[in-house]
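Input: a single structure, listed below in structure tokens.
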Protein chains: 2
Amino acid sequence: MTVADEATDAGQPRRRSPSMADVAREAGVSGQTVSRVSTGRPNVDEDTRNRVLAAMRKLGYRPNSAARALRSGHFRNLGVIMFTLSSFGNMRTLDSIAVAAAAAGYSITLIPVQHPTQGEVTVAFSRLSEQAVDGVMIIIEAHALDEADIELPPGLPVVVVDSSARYQYPVVDTDQAEGARLATEHLLDLGHHTVWHISGPVHSYSAERRRNSWAETLAAHGRPVPDVIVGDWSSDAGYRAGLELAARPEVTAIFAANDQMALGVLRALHERGRAVPGDVSVVGFDDMEESKSFWPPLTTVHQSFEEVGRHTVSQLIEEIEGAPPSSVSVLVPTELVVRASSGPAPRHPITDA
Amino acid sequence: MTVADEATDAGQPRRRSPSMADVAREAGVSGQTVSRVSTGRPNVDEDTRNRVLAAMRKLGYRPNSAARALRSGHFRNLGVIMFTLSSFGNMRTLDSIAVAAAAAGYSITLIPVQHPTQGEVTVAFSRLSEQAVDGVMIIIEAHALDEADIELPPGLPVVVVDSSARYQYPVVDTDQAEGARLATEHLLDLGHHTVWHISGPVHSYSAERRRNSWAETLAAHGRPVPDVIVGDWSSDAGYRAGLELAARPEVTAIFAANDQMALGVLRALHERGRAVPGDVSVVGFDDMEESKSFWPPLTTVHQSFEEVGRHTVSQLIEEIEGAPPSSVSVLVPTELVVRASSGPAPRHPITDA
DNA sequence: TGGACTCATGTTTACGTGAACATAGCCCGA
DNA sequence: TCGGGCTATGTTCACGTAAACATGAGTCCA
């Protein structure tokens with residue numbers, strides 16, 4: 001080991017990681033040849049390539065991504081803007097985004113937004129524009145962004161997930177309307193006269209679309225559309241709504257806008273002694289891991305967060321890598337999962353007012 | 001197409017984003033002064049600073065993080081290595097890591113690992129070392145890493161979360177042992193003769209520590225230690241274990257290693273007609289959002305993922321910013337949350353074999 | 001009043017990489 | 001046999017930034 005690196009052995013272990021130049025020297029080639037090997041170019045002699053690879057291994061060479069990015073102008077890195085304490089579903093989506101991105105050779109930078117205020121979001125965006133990202137995914141369900149003059153670096157590709165369709169960007173989302181329709185029709189098919197709905201918060205587009213679809217489905221079947229109870233996705237809100245509905249004997253079918261609220265509804269119904277599904281049927285939305293273990297196991301609408309994540313990444317990367325900025329939106333289909341929380345309407349249903 | 005530059009006309013003025021030099025020209029100062037303003041150095045005349053800031057705004061200048069990183073040698077970016085489809089708790093931890101990092105001016109890069117095989121993990125690490133990170137957090141509960149010759153760039157700061165303490169790196173984790181002790185003693189205090197345990201998977205350190213602490217606590221009170229039932233954190237596994245335990249009349253107290261398995265236990269007990277907590281008391285671990293809406297609301301051990309995330313980030317940043325590589329580990333305390341799923345032992349408990 | 005300060009600002013340079021261009025050896029067909 | 005084209009490799013340079021050093025103007029006290 002007569003190499004210069006180790007020369008400073010005594011005091012400071014030479015910390016600087018080896019550069020292309022070091023490898024070039026070691027392998028007896030030019031830096032450019034190292035670069036060619038490093039980026040997998042074909043026009044390098046097999047012999048030379050092996051010599052370079054050996055030198056890389058020997059020195060523990062790792063390409064410097066900063067220099068690479070500076071030179072080439074792209075980072076192989078995607079930004080994800082997301083609310084903190086985000087919903088279960090968004091987390092699943094994030095997860096599949098990370099996997100899909102890694103598979104495509106991209107990494108993921110997380111930009112958390114704490115509060116859905118315009119200011120916070122704008123800050124996140126401006127922080128983002130200093131970040132080394134080639135594109136951005138926005139997973140923010142709130143209306144808050146609607147009128148925002150979102151200041152993104154011009155030309156930065158963006159894909160929006162689970163949010164307003166009013167953006168100028170392509171949107172990937174679960175087919176919320178289809179899911180809500182499936183849930184509602186399932187209950188009607190079981191003979192229920194109508195279906196009560198516990199909705200997600202007003203600022204959420206997903207909630208809005210599920211709510212609209214539920215109402216439209218009832219109307220299409222000529223059924224009365226009961227007043228909506230607005231929740232906030234939490235099981236607590238579901239519980240409160242459930243208490244309210246449990247007190248009304250005419251309620252026989254409840255469609256909660258997510259599984260957590262459905263869980264709260266189940267608890268309220270149990271507490272009030274109303275049998276599920278004997279007296280009241282309950283259907284949720286999401287099909288979270290735990291739903292099949294609720295008591296009783298929950299009938300719900302399955303949505304594929306994995307698919308949403310995959311589509312989002314592929315759409316974004318496509319745009320980054322030169323495809324024309326498509327404004328095509330993707331709707332991922334849903335599926336009704338029938339379990340034990342829904343059943344035929346009671347023999348003598350009290351038709352409502 | 002003639003020239004590839006921005007000289008082009010109609011549609012896309014292929015605009016390179018403005019650099020320091022552009023701002024300097026606009027403001028009539030040197031690039032170095034722009035740099036000083038950009039990095040917030042104090043020694044710039046107020047007047048000049050304003051002129052520069054105005055020029056930045058006018059041109060829409062954003063510092064180029066790649067160049068900055070290349071020049072300064074650090075990225076203000078932290079890597080998180082994490083399993084996909086990670087547990088609810090890990091997601092919460094990730095969330096609070098992202099927030100804490102953002103507050104400290106760092107961003108987060110997610111490196112997902114798909115399978116807990118040695119190969120996959122090694123790949124993730126090597127991918128990481130090409131990444132632009134100043135430090136790494138590892139959130140992997142598996143033993144898999146134990147004997148791994150994890151090849152990390154030497155000198156890269158690392159903090160491990162929720163995993164083996166056998167690493168050479170500092171560890172931040174919930175005080176699993178305390179939590180399991182609290183749960184077990186709570187049940188003993190209620191008069192139960194002993195406590196059955198449904199454990200997490202064998203490869204998990206968290207599971208191991210909870211299991212050990214449960215057994216030690218029973219032993220310390222001179223109680224028999226029943227055979228452990230091993231689950232996999234899922235509510236399904238809890239359900240299966242619950243069916244098994246429901247069939248044994250001597251079982252009056254169950255401590256599940258997480259809330260999801262506890263949920264499955266509750267379902268099994270309901271199905272078998274065993275009253276909770278009348279016949280059987282159930283305690284979980286995690287205190288997830290939904291646990292208070294279980295039927296009945298679940299007594300469980302609260303752990304603060306937020307605190308774990310905060311400690312992890314601050315420990316890592318401390319080391320990055322020059323503190324000596326501390327090997328100090330942090331244990332975040334837990335708290336017992338008593339709800340309705342646990343109660344006094346039945347009047348005539350059948351003392352076990 | 002002069003010289004040793006301080007402080008704002010400018011000039012030069014290097015960080016590691018890869019595109020563009022340059023060169024040298026080789027093959028192949030006319 | 002020659003020249004054109006091909007391949008492997010080398011040389012030069014710029015990407016945008018910030019550290020190091022340089023400069024010049026003002027300040028303060030002996």
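Chain letters run A, B, ... following the sequence lines, proteins first and then strands; every chain starts at 1.
- Across the protein-nucleic acid pair, N64(B) atom CG and dG16(D) atom C1' stand 6 Å apart, rounded to whole Å.
- Side-chain proximity of Q32(A) to the nucleotides dT9(D), dT9(C), dG18(C) is greatest for dG18(C).
- Distances were taken from every side-chain heavy atom of V29(B) (C-beta onward) to each of dG18(C), dG10(C), dT17(D); the shortest belongs to dG10(C).
- Between dG18(C) and R36(A), no contact under 4.0 Å exists linking OP1 or OP2 to a side-chain N or O.
- Applying the side-chain contact (heavy atoms from CB on, under 4.5 Å) test between V34(B) and each of M20(B), E26(B), R25(B) identifies M20(B) as the sole match.
- Put simply, CZ on R49(B) is 14 Å from P on dC7(C), counting in whole angstrom units.
- Atom-to-atom, CG of N43(A) to C1' of dG5(D) comes out at 15 Å; the value is rounded to the nearest Å.
- Considering all non-hydrogen atoms of both residues, N64(B) and L70(A) come closest at ND2-CD1, 4.3 Å.
- Rounded to whole angstrom, the span from the CG atom of N50(B) across to the C1' atom of dA8(C) amounts to 15 Å.
- Rounded to an integer number of Å, the gap from L70(A) CG to dG16(C) P is 12 Å.
- Atom-to-atom, CZ of F75(A) to P of dT17(C) comes out at 16 Å; the value is rounded to the nearest Å.
- Within the nucleic acid shown, D45(B) comes within 4.0 Å of sugar-phosphate atoms alone, with no base atom in reach, counting heavy atoms only.
- Contacts of R41(B) with the nucleic acid, taken as non-hydrogen atoms under 4.0 Å apart, involve only primed sugar atoms and P, OP1 or OP2.
- Separation of atoms CZ (F75(A)) and OG (S107(A)) is listed at 11.0 Å; rounding is to 0.5 Å.
- The residue among G28(B) and S72(A) whose nearest nucleotide of DNA chain C is located toward the 5' end is G28(B).
- A straight line from CZ of R25(B) to C1' of dT17(D) spans 15 Å, rounded to a whole angstrom.
- Remark: P of dG16(C) and CZ of R71(B) are 10 Å apart, rounded to the nearest angstrom.
- For T33(B), counting side-chain heavy atoms from C-beta on, the closest listed nucleotide (dG10(C), dT17(C), dT9(D)) is dG10(C).
- Inspection of the R51(A) and T33(A) side chains reveals no N or O donor paired with an N or O acceptor under 3.5 Å.
- For S35(B), whose side chain is taken as the heavy atoms from C-beta onward, the closest listed nucleotide among dC15(D), dG10(D), dA18(D) is dA18(D).
- Side-chain contact between Q315(B) and E318(B) is absent, with no heavy-atom pair separated by less than 4.5 Å.
- Proximity note for M20(A) (side chain, C-beta onward) versus dT17(C), dG16(D), dG10(D): the nearest is dT17(C).
- As judged by a 4.0 angstrom heavy-atom cut-off over every strand, S38(A) is placed among residues making no nucleic acid contact.
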